[in-house]
Amino acid sequence: MNARGTILGRLKGPAPDRAEAMALLVAPERPAVDETALEAEFLSRLALPSVNASHDVIRAMADLPAAIARYLAEQGEALTLCLPPEPRLKAIDWKGFALHASATADEAAVLAIARKGIAETGSLIFETSPTAPMLPNFLALHHIVLLAVRDIAPYLEDAPLAGSQPRAHYWVTGVSGTTDIEGTYVRGAHGPRFLHVILLQN
């Protein structure tokens, strides 16, 4: 029997294989998520090799500059940051930082605010708006993301956003990579090489 016949034969039987396939259609598999510990669940997904993101936790918005300064120092980067024109960020004391609003192709670090996080996958959901431009988030070497703990949802199907809808949503799950060139893995091939999530608890 050729390969095609083998595959078709498996689809027609035996019964256990067919029953397993049908069960997936009735109740699709999804990883278990402890909905009473969404912060821990989200952080455990961030640490997976397939996502490969680092994180920090802050208690208040006023703690954000210090957290970013720590991260940039660990990475050997200057205190230079592309900051979106978001009112919540403008109200913070950024003393010591060199800030700018537009990103260049060799941008070192950019800050963005995620609308939601998904505990199931460690994904981040962003939206576009006049105060949340999309392009800088794909140009920088270091993508630094602020996410409120209250905005973490358990599963992908819990992701729909309430209220007026932006022009576009986009989802980020870790950094991009490719093995197109000689089968060698290249991290950050289509965007940032590093993803750092700062969780805001209050």
Side-chain angles (χ1 to χ4, degrees), residues 36-119 121-153 161 166 170-176 187-188 191-202:
T36 66
L38 290 180
E39 180 179 343
E41 291 279 9
F42 179 78
L43 291 179
S44 71
R45 267 58 173 204
L46 280 187
L48 292 174
S50 57
V51 180
N52 202 11
S54 58
H55 80 277
D56 199 351
V57 179
I58 59 175
R59 298 188 63 83
M61 285 288 284
D63 301 324
L64 182 59
I68 294 176
R70 281 195 302 273
Y71 172 75
L72 292 177
E74 290 167 1
Q75 301 298 320
E77 299 286 353
L79 295 184
T80 301
L81 185 66
C82 180
L83 201 68
E86 162 62 52
R88 288 173 291 174
L89 299 177
K90 288 184 176 181
I92 300 173
D93 181 5
W94 292 97
K95 184 178 179 181
F97 280 83
L99 302 176
H100 51 280
S102 58
T104 62
D106 59 350
E107 195 69 42
V110 62
L111 176 64
I113 298 177
R115 180 76 183 268
K116 273 189 178 292
I118 306 298
T121 58
S123 300
L124 297 158
I125 304 176
F126 300 89
E127 62 181 22
T128 58
S129 77
T131 61
M134 184 191 320
L135 184 59
N137 299 325
F138 294 94
L139 291 179
L141 179 66
H142 299 273
H143 190 196
I144 303 172
V145 177
L146 179 67
L147 171 67
V149 171
R150 67 175 178 271
D151 292 329
I152 298 175
L161 305 175
Y170 56 103
W171 296 48
V172 171
T173 307
V175 296
S176 68
R187 179 176 173 172
R193 189 174 297 172
F194 303 99
L195 174 63
H196 184 65
V197 179
I198 300 175
L199 287 183
L200 174 64
Q201 293 187 322
N202 295 328

Check the pair F97 / L72 against side-chain contact (heavy atoms from CB on, under 4.5 Å), numbers first and verdict last.
CA-CA 11 Å; F97 280 83; L72 292 177; 4.2 Å; yes
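- Annotation: side chain of L83 is not in contact with side chain of H100 (no heavy-atom distance under 4.5 Å).
- Nearest approach of Q201 to V149, heavy atoms of both residues: CA-CG2, 4.0 Å.
- Two residues are said to be in side-chain contact when any heavy atoms from C-beta on lie closer than 4.5 Å; V172 and S123 fail this criterion.
- Judged by distance alone, the side chain of N52 and the main-chain N or O of P49 form no donor-acceptor pair under 3.5 Å.
- Relative orientation of the Y71 and H142 rings is perpendicular, given thresholds of 30° and 60° on the angle between their planes.
- Two residues are said to be in side-chain contact when any heavy atoms from C-beta on lie closer than 4.5 Å; H196 and H143 fail this criterion.
- To the nearest 0.5 angstrom, L141 atom CG is 6.0 Å from R193 atom CZ.
- Here the shortest heavy-atom pairing between L147 and K116 reads CD1-C, 3.7 Å.
- Between P133 and P85, the shortest heavy-atom contact is CD-CD, 4.0 Å.
- For the pair L46 and S54, the tightest heavy-atom approach, listed with the atom from each and the gap, is CD1-O, 4.5 Å.
- The two atoms that bring D93 and P65 nearest to each other are O-CG, 3.4 Å, heavy atoms only.
- Here the closest heavy-atom approach between residue L81 and residue I68 is recorded as CD2-CD1, 4.0 Å.
- For the pair S129 and P166, the minimum side-chain heavy-atom distance is 4.5 Å or more.
- Atom-to-atom distance recorded for I92:CD1 and L99:CG is 10.5 Å, nearest 0.5 angstrom.
- The shortest distance between side-chain heavy atoms of I118 and F42 does not fall below 4.5 Å.
- The CD1 atom of I58 sits 5.5 Å away from atom CG of L146, with the distance rounded to the nearest 0.5 Å.
- Checking side-chain atoms of W94 against main-chain N and O of L89 turns up a donor-acceptor pair under 3.5 Å.
- I144 is not listed as a side-chain neighbour of F194, based on a closest heavy-atom distance of 4.5 Å or more.
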Should E86 and K90 be marked as a salt bridge (charged side-chain N to carboxylate O under 4.0 Å, His left out) after you check the CA-CA gap, both sets of side-chain angles, and the distance that decides it?
CA-CA 6 Å; E86 162 62 52; K90 288 184 176 181; over 6 Å; no
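- When side chains are defined from C-beta on, L111 does not count as touching I198, because their heavy atoms never get closer than 4.5 Å.
- Residues Y170 and L124 have side chains not in contact (no heavy-atom distance under 4.5 Å, counting atoms from C-beta outward).
- If you take CG on D63 and CG on D56, they are separated by 9.5 Å, rounding to the nearest 0.5 Å.
- Of the charged side-chain nitrogens involved, none lies within less than 4.0 Å of a carboxylate oxygen, so that R70 and E74 do not count as a salt-bridged pair.
- In this structure, E107 contributes its side chain and T104 its backbone to a donor-acceptor pair below 3.5 Å.
- Rounding to the nearest 0.5 angstrom, the gap separating the CZ atom in R59 from the CG atom in L64 is 15.5 Å.
- In this structure, the separation between CZ on F126 and CZ on R115 is 12.5 Å, given to the nearest 0.5 Å.
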